[in-house]
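Below is one structure, written out as structure tokens; comments come after it.
Every chain is numbered from 1, with letters handed out A, B, ... down the list of sequences. This structure is a prediction, so every number in the text was calculated from the model and none was measured.
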Amino acid sequence: MRNNNQPIVRNLSKRSFLANKSRNIFALIAIVLTTVLITAVFTIGISLSDGMRQMLIHSYGRSTEVDFQYLTEDEARRVAEHPLIEEYGLSRLITVTAEGVFRQAQGEIHTADENFAGFTFSKPTTGRLPEAEKEIALTSWILDAMNLPKELGQVVHLDFEVAGTPYSMDFTVCGFWDSDLNLQPYGILYIADALADKLLTGVNPAQTRLGDGYYGVTKLTANIDGTLSELEENVDTILQDTGIDPEGAGVLFNGAYNTTGLDNGIIAAMALIIAIILVSGYLLIYNIFYISVMRDVRFYGLLKTIGTTQKQLKGVVNFQALLLCAVGIPVGLLLGYLLGVMLIPVLLSFLSIDYMPAPPNPWIFLLGAALALFTVLVSCHGPAKKAGQVSPVEAVRYTGLAAAPAKKTKRGSGGAKIPRMAWSNIFRSRKKASLVIASLSVGLILFNIVYTLVGSFDVNKYLQGHINGDFLIAGTDYFSFARPYTPSRTLSEDLLSDVKGLDGVQEVAKVYYANGFAPIEGKIKDGLINFQRGRILAEKPSLTEQEIEQIIEKTDFGAYGDFIDAQVYGFDSYWLDKLEENMIEGTFDREKFLSGDYLLLGFDGQGMVRVGDTVTFSLDDKDGEKRSYEIMGRVDYRALNSLSAHFISVPGFSVYLPSSGFESLANPDIMSATVIAEEAAIDRLQTEIGILLADHPEVDFRSRVDYIAEMKSDNQQFALIGFTLCAVILLIGILNFVNTTMTNIFSRKQELAMLQSVGMTARQGKKMLVLESIYYMALALLVFVTVGYGVSHFAVNTVTQGSAAYTYQFTFAPLVICFPVLLLLACVLPVRMYKSISRDSVVQRLRENE
Amino acid sequence: MAVLKTESLKKYYGKDPNTVKALDGVDLEIQEGEFVAVVGTSGSGKSTLLHMLGGLDTPTDGKVIVGGKDISGMTDEQLTIFRRRNVGFVFQNYNLVPILNVYENIVLPIELDGNTVDKGFVENIIETLGLAEKKTNLPNNLSGGQQQRVAIARALATKPSILLADEPTGNLDSKTSQDVLGVLKMTSTRFHQTMVMITHNEQIAQLADRVIRIEDGKIFAAKGR
Ligand SMILES: Nc1ncnc2c1ncn2[C@@H]1O[C@H](COP(=O)(O)OP(=O)(O)O)[C@@H](O)[C@H]1O
Ligand SMILES: [Mg+2]
């Protein structure tokens, strides 16, 4: 029986399918759009996550799961033979050098096999690993630092020592590769085994493990069988089986594999975006099918009268949906994939990810297709059910979409004024009205969010976070952000006075920096205790005052050392206005401040000191001369980010002194110098400062123009992606509106004819339909203005939290942009529709009822 | 004086060779205040004639003269306005606006014309048709007979001189039909209207001042009373 029905259902479906051409086009567009969006988001999300993981792995310097850092050759062999080792690479650390070009980033001399070089991203991209005794392969920045061209055959001179014996040798470059000094702040040099054996004669690697340095220890880097969650267990097994002392072996797990936070962030963002897409898609597809079923209600009623079952009727609807999916989903997958692939490079550069992710897995397509199919089926569920439940009697009496209002009576006798009729018409089907309004306003709200986000980008705020003048000069370290800034004394007064002497330079404003040491005593100790109390209370709110006191008494503050960190800045007079501007507590007295007995407090995470307190610390040296200062006030340290060392020390505090406090020091560190120049001289100075600094490779500079350019391209790319996404969602909303309006007017053909027969002129009819559309728009706008602005405000603030470069900017622009478009649509569409149905005469239209 | 007049009125549908001659040269004169019943088999052209008389459609050839004015040359817009001022229609399937309540449906043509409602007159019609209790009801809560009364009330509301009814009782049971017919007859007399009514029911036709029989788009015989 069941099997016999199947072909009939299919046949009916096909007939109905062919009879619904415009419905099909709309549904197809909706399905394609939804699939495109899902696939694009998947492609982008997965690629980004892969790119970030790759960057992370690169920043850990290896792709393998675990390192055994300090093995003897014998131990290494035993580990390598262990069955749990899946693959491994070997390297011997010969020595480490900090001579010459390695003063800032130490040089590590190793031997390495192919595997090891591969796992640690140090396989020569030009040339090969060394084989002969005098050959060397190295990271390319070493050649740059030595002012040698990046070419094979260059001669490199190295001074180093192995277990106390100094060597001075020339090598021939046989290979090199590029590495990112920011991610790997050291230089790798590979020498041949033959030379290593010679250098290590008489050195017992096992012995060196106990001493000051490591010479000749073998590093084995490996991937272990089994999942990541079993990793530690497996490594323990290996150590036990091989009888190697875990302490001495220096087991190091790759941190890239246990950070999940990053992925979670992307997954959450992806989930949110996909949810929005699914809901928009659902709204559109549901609406299309719902309207189509309502329109064909007589058809379904008729089928039912002649004995089609509910299930078969559902089948008729679902079959049509599946037919559309068969075309729409593959097209959507392809377009979405292409869109994703096109957008990935833009996003990668926006997020400063340099690693091209692997091409997305085929299962993205499966997942995308499954989600799209799921959306379509869910969307059709309601309409299909409706089709199945049509009562034959009702169906035959059914007069189009003019669903009987739920109300029995309608109060008042306001009459049949056109605007009132239009208003009532929208609410004939509350469900339909809400769907249209929802999908329109969701589009508008998203558009507004992205627009506000882009518009809220505050150029001045952004720049203030990076630069406060026209040029910023500092040691290369300062710009690298690779590690906390430590006084390097690379910037000299001489160099700065040369800069100051350049034509057009108005001011060179310095910031001094020193690590201060504040003894844990007095206020500082009280502050720490208070901080501790707060922490205990937060963890265990149930404790009594007394119990807390007991815990604190037992606390050994020696764990912090005898001193806590004070980050001490010395500001040139030029910056005093800026300090005053950013005071958040106390009043700024210029004269008192310059006297040298006062300071301003910046960061104080533990709330150890207050305005009016006296703090005592020594500079640069724990045992140096201690000085006391009174805290004059507190400034917002975040606003001074561009003049700071880019990190905060916890527990600790930061303070600002006038630069006179530093000038008396023996060898003060100038952290940065900001150049303020005449507008007209800026271009010329860019070159001139560059020339001045050419002799000082350890000093670098950035210009305001650099930061503006960087910011502009970032912001533009962000806007591009955001608006593409919004455009698609807005398009879905508009399509939804167009679809509803069209079907709505079509289905009311007879009713409109009837209105005409009792005297409604074409002009009045058009007016009514246009008003209906305008009311829809108005309601969507109302939702947008009330809910939308709230949501936008919340979303924008949430997204930009933690970014100092945004100030929420309320804007009417999206409204002003969208309103005319929507209004035009609301006016033109109904009029065109009315004309198209008016091609038949009133009588003809009325006859359709008979 | 003849308030409705047609001169060799023709209405053809479709193109050669499949033309349907729905009306094929009809000459007719209806006097003011007359109640005319139109009878004929299905597809004979009755509705078409009524539509022509009311200006719902334009003739292929010939003239329709209403109150001395030739309406066959009017534009769509002019016809609509002419209609709502001079002609009241009552259809077999009521054709009420579902979102408007009874009162609003009745005054719809007046308001479409931008006129103020003659409240006394409308109340009078509502009273006459026994709809006073149902004024705020929406159409879907009324019985067929009640809905048809609303349609009649709507047709009368603009005080048209001509009332055109196309099988107004076709969807009603015989008891209700009697009722509605009684009402129609009464109101047309009371408001001194000319009425043309299509019906299949010979019994109903008997009530008319005159019965016109149409066959194949031509007036077959006209018998007076
Ligand atoms: N709009 C139209 N298009 C084509 N043929 C029509 C149209 N209107 C009426 N006809 C045809 O004209 C003839 C008369 O129809 P009608 O006036 O409705 O008859 P009646 O009302 O007497 O049943 C019928 O054959 C009908 O099919
Ligand atoms: Mg008829």
Side-chain angles (χ1 to χ4, degrees), chain A residues 394 396-429 748 750-768 772 835 838-850, chain B residues 11 13 47-48 50-52 54-58 76-85 87-89 91-114 116-117 119 122 134-141 151 154-155 157-158 160 166-167 170:
Chain A
E394 206 181 300
V396 175
R397 282 182 46 193
Y398 197 83
T399 49
L401 268 190
K407 289 190 294 183
K408 287 217 167 109
T409 61
K410 185 163 169 285
R411 281 278 131 226
S413 46
K417 309 255 175 355
I418 302 275
R420 280 185 54 105
M421 283 181 72
W423 182 253
S424 306
N425 276 333
I426 324 185
F427 291 110
R428 276 181 184 192
S429 162
R748 281 161 61 197
Q750 285 154 19
E751 183 191 321
L752 291 168
M754 178 261 292
L755 281 167
Q756 217 174 336
S757 77
V758 300
M760 183 180 266
T761 61
R763 175 192 283 270
Q764 284 171 322
K766 285 177 203 162
K767 183 177 165 193
M768 183 175 80
E772 283 177 28
K835 277 196 187 132
S838 302
R839 265 185 234 126
D840 300 341
S841 74
V842 181
V843 175
Q844 250 165 335
R845 280 181 277 154
L846 283 175
R847 276 177 56 90
E848 285 176 14
N849 236 4
E850 283 167 11
Chain B
K11 181 70 183 178
Y13 288 111
S47 296
T48 309
L50 203 74
H51 294 151
M52 294 298 148
L56 273 180
D57 212 348
T58 45
D76 211 35
E77 200 81 350
Q78 287 170 325
L79 272 177
T80 307
I81 292 166
F82 159 80
R83 212 159 47 226
R84 73 184 175 206
R85 289 183 186 160
V87 187
F89 272 106
F91 297 99
Q92 180 177 355
N93 45 11
Y94 332 133
N95 278 343
L96 299 177
V97 184
I99 50 155
L100 298 180
N101 67 24
V102 166
Y103 182 82
E104 290 167 334
N105 259 293
I106 293 171
V107 299
L108 177 63
I110 309 176
E111 298 202 318
L112 284 173
D113 210 17
T116 42
V117 176
K119 285 227 172 84
V122 172
K134 305 280 179 192
K135 268 190 338 193
T136 59
N137 276 41
L138 289 167
N140 61 325
N141 289 303
R154 180 178 65 187
T158 48
D166 194 344
E167 300 186 38

query = Parallel, tilted or perpendicular: which fits the ring planes of B:Phe89 and B:Phe91, with parallel below 30° and perpendicular above 60°?
reply = parallel

note = With chain A, the option among B:Val87, B:Thr80, B:Thr158 that has the most non-hydrogen atom pairs under 4.5 Å is B:Thr80

ask   = Between B:Glu111 and A:Arg420, does at least one N-O distance fall below 4.0 Å, as a salt bridge requires?
value = no

Contacting moiety of B:Arg85, where chain A heavy atoms sit under 4.5 Å = neither

Minimum heavy-atom distance between A:Ile418 and A:Lys767, given as atom pair plus value = CG2-CG, 4.1 Å

Straight-line distance of B:Glu104 CD to A:Ser424 OG, nearest 0.5 Å = 7.0 Å

request  = With a 4.5 angstrom heavy-atom cut-off, could you sort out which part of B:Leu96 is near chain A: side chain, backbone, both or neither?
outcome  = backbone

